[in-house]
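Read through the structure below, which is laid out as structure tokens, and then see the notes.
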There are 2 protein chains.
Amino acid sequence: MQSIADIFLFLLETYMRKKRTTIYDIAEKLNLTASCVSRALNNSNYVSEKTRALVLKTAAELNYKRNILATNLRNGHSKTIGIVVPRINQNFFSNIIAGIEEATYEKDYNLVICQSNEEHEKEVKCINTLINQQVDCIVISISADGHDYQHLKNVIDHGIQLIQFDRVVDELETLKVINDNEQASLEAVSHMIEQGYGRIALLEGPQHLSIFKQRKAGYLAALKKYNLPVIHELIVKNAWTKELGAKATRKLLSLSNPPDAVFASTSDFSALGVLEVATDIGFKVPEQLGICGYSNEAFTEITSPSITTIDQYSFFMGKTIANLYFEEMNIKEIAIQPKTISIKPNLIIRSSTSKKSTETK
Amino acid sequence: MQSIADIFLFLLETYMRKKRTTIYDIAEKLNLTASCVSRALNNSNYVSEKTRALVLKTAAELNYKRNILATNLRNGHSKTIGIVVPRINQNFFSNIIAGIEEATYEKDYNLVICQSNEEHEKEVKCINTLINQQVDCIVISISADGHDYQHLKNVIDHGIQLIQFDRVVDELETLKVINDNEQASLEAVSHMIEQGYGRIALLEGPQHLSIFKQRKAGYLAALKKYNLPVIHELIVKNAWTKELGAKATRKLLSLSNPPDAVFASTSDFSALGVLEVATDIGFKVPEQLGICGYSNEAFTEITSPSITTIDQYSFFMGKTIANLYFEEMNIKEIAIQPKTISIKPNLIIRSSTSKKSTETK
DNA sequence: TTGTATGCGTTATCAC
DNA sequence: GTGATAACGCATACAA
């Protein structure tokens with residue numbers, strides 16, 4: 001009975017579970033101990049060059065691959081950075097990820113990427129998964145529909161470095177990498193005013209997210225700077241998808257005194273909604289209606305007319321995030337100082353706001 | 001001397017390394033053993049309901065999070081799927097990822113995502129990292145510039161399930177999920193012919209990748225079906241980025257006998273290049289030049305005119321990939337049977353090929 | 001320079 | 001139903 005099971009197990013071992021070679025296998029072959037092999041593999045100084053060479057050679061022969069699971073368990077970290085974004089298929093976020101990747105690539109860090117789909121519940125689950133995974137750092141731009149940040153506090157309580165970017169929770173004292181949204185919005189709206197637009201509508205995002213508050217502040221600051229009145233019927237709440245932008249535009253353009261420009265502070269997607277509706281209804285862009293979006297999505301360049309927008313240097317931002325982590329990692333302070341890095345975005349002027357110039361391409 | 005070090009370590013422990021609670025902490029508090037706690041946490045049947053409830057309650061109180069590293073080390077797998085794609089910020093790939101994510105979400109699988117940036121060397125490194133990470137499965141669409149597939153064989157040798165999708169290596173006997181590229185291309189080109197286009201150019205991709213071979217075969221099949229001649233000067237090699245598509249178009253449109261349509265079999269990006277150049281030069285689309293792309297990128301809907309393209313059901317494809325893995329995972333065969341799932345893509349007819357209909361929106 | 005012993009946090013397999 | 005123990009693969013303090 002026993003022997004049959006043995007034979008079965010032997011077959012299993014042999015044919016199925018191609019067993020990975022471990023440092024013990026190498027040690028055995030070389031009449032060494034595992035610890036010595038381990039040292040050789042880890043560039044320790046306490047191994048003779050001869051032994052090291054031998055170990056390396058044998059490791060290659062046996063197709064040895066270090067078991068990172070064991071290494072990480074032993075070391076208490078995973079050399080992994082978790083990233084939580086609302087959606088990876090938005091230009092801004094995929095560039096952030098690409099930037100982080102470039103900076104972490106040579107340092108042998110892994111990226112685990114999660115999408116929250118803008119759902120708070122999913123975001124919480126992502127965070128928990130990442131904590132379980134023992135990631136060393138969590139990089140997050142929070143989803144729009146959540147007001148409870150217990151899960152983020154939880155990250156900190158687990159001793160995991162937390163870096164917020166773009167959509168950050170102000171109250172939480174963490175590392176932050178953001179754009180200077182207010183300044184950028186001020187510039188964008190100022191530009192529109194200088195182009196001759198006087199009744200500029202604002203599509204605003206959820207005001208519990210500071211980025212949208214800041215963009216609104218920039219809008220208001222520009223009006224104030226040029227002594228223009230704040231017209232409340234031109235400020236539309238929560239117009240931050242293409243559909244909501246389109247809906248808002250239909251309403252705005254049917255006003256008895258419609259706006260002559262729209263600052264879609266929420267995203268280029270809402271700006272696209274504006275453009276489509278305006279074109280449909282017969283409003284000429286930029287002559288009768290100026291449009292400015294936010295984020296420099298790839299499509300803003302190929303619409304007709306092309307859309308003025310704000311580039312957030314997202315790739316650079318990603319690199320900044322990664323480097324910030326590596327810097328802070330080396331600081332052995334008792335308490336990590338919260339720190340905020342602000343990146344100045346860049347206004348890209350295109351056709352959709354070029355009222356003065358005659359060329360409309 | 002010893003005591004000073006002790007005190008230092010104590011301080012370290014206390015103030016810095018917020019130690020995670022383990023099953024031992026729970027066991028201690030409840031006067032149980034770790035193994036019993038473990039069982040309670042794992043829905044084992046060999047625990048009294050009372051104990052289980054107690055353990056669960058205490059775990060929550062102590063903010064216990066299971067250490068997946070340890071679990072995985074113990075179990076010999078990581079419940080992780082590695083994905084290697086050329087770029088995550090292309091619609092097709094981000095949808096694939098989203099589809100895989102949806103299917104793996106409830107099964108508590110993690111996704112580790114790598115970009116090869118179309119570079120073979122980077123792809124090899126990604127693969128090695130994923131092998132090190134002990135992923136259970138690697139899902140890959142190979143980069144364009146590689147001809148050596150040793151790294152993929154290495155995956156198989158490590159007993160890791162390998163699933164290829166879209167751009168697959170035919171010779172490698174693995175699980176594959178692909179589109180029926182030939183059929184889709186046949187339909188697309190047939191549609192163009194039926195619209196009245198007679199001199200249809202082909203922008204082809206690297207022919208060592210089977211997907212591009214298949215698309216070319218579909219193009220040729222359509223010509224044959226309608227008894228149209230194959231005109232070699234209308235077939236352009238390696239025109240598979242926007243820039244290369246633009247370059248090819250400039251050349252094509254300056255021929256003494258230029259094409260009246262272009263099938264950009266490589267991607268919508270190359271199709272966009274075609275559209276921009278054609279518009280620049282003054283060729284009317286679709287009246288003088290029909291254009292068909294491939295992949296249904298989001299922007300194809302908002303160009304003017306909108307671009308006819310082929311939707312690959314990428315999201316569904318992602319789900320198919322994940323489900324294929326879960327199915328095969330349960331088969332305990334000695335050798336896994338290679339299997340190919342082919343998904344029929346969908347031709348989306350838009351303005352850029354609508355020569356017959358008068359509405360050009 | 002090498003070997004010995006121990007632990008990282010979990011889970012499987014016993015025995016009780 | 002619960003407890004004791006070993007093992008997953010690796011890395012380090014310590015002894016030799």
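This is a predicted model, so every value here is computed, not measured. Below, read A as the first sequence line, B as the second, and so on, with proteins coming before strands; counting in each chain starts at 1.
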Scan residues 43-57 of chain A against DNA chain C and write down, sorted by residue number, each residue with any heavy atom closer than 4.0 Å; if none is found, say none.
A:Tyr46, A:Val47, A:Ser48, A:Thr51
Donor-acceptor side-chain pairing of A:Gln161 and A:Asp136 below 3.5 angstrom
no
Let's go through B:Glu118 and B:Ser143 carefully: what are the C-alpha distance in whole Å and the side-chain angles of both, what is the deciding distance for side chain to side chain donor-acceptor pair (under 3.5 Å) to 0.1 Å, and is it a yes or a no?
CA-CA 4 Å; B:Glu118 300 284 7; B:Ser143 72; 5.1 Å; no
Give the rounded distance in Å between these two atoms: CG of A:Leu32 and P of C:dT4.
11 Å
Write down the distance between CG (A:Leu73) and P (D:dG9), rounded to a whole number of angstrom.
12 Å
Just checking, any donor-acceptor pair under 3.5 angstrom between side chains of A:Thr174 and A:Gln164?
yes
Interatomic distance where CG belongs to A:Asn72 and P belongs to C:dG9 [whole Å]:
13 Å
Does B:Lys122 NZ have over 12 foreign heavy atoms under 6.0 Å away?
yes
Under 4.0 Å between any heavy atoms, over every strand shown, what does B:Ile68 touch: base, sugar-phosphate, or nothing? Just pick one.
nothing
Would you kindly check if the NZ (Lys) or CZ (Arg) of A:Lys107 is within the cone defined by 45 degrees around the ring axis of A:Phe326 and under 6.0 Å from the six-membered ring centre?
yes
Give the B/S/- string for nucleotides 10-16 of chain C, one per nucleotide from 5' to 3', where a protein heavy atom under 4.0 Å of the base yields B, of only the sugar-phosphate yields S, and otherwise -.
BBBB---
If you measure from CG on A:Leu162 to CD1 on A:Ile156, what distance do you get to the nearest 0.5 Å?
5.5 Å
Identify whether any heavy atom of B:Asn31 sits under 4.0 Å from a base atom; if not, whether one sits that close to sugar-phosphate; answer base, sugar-phosphate or nothing.
sugar-phosphate
Is it the case that B:Ser35 and B:Ser38 place a side-chain donor and acceptor less than 3.5 Å from each other?
no
Show every ring pair (Phe, Tyr, Trp, His ring centres under 6.0 Å) that has at least one partner inside residues 54-80 of chain B, sequence neighbours left out.
none
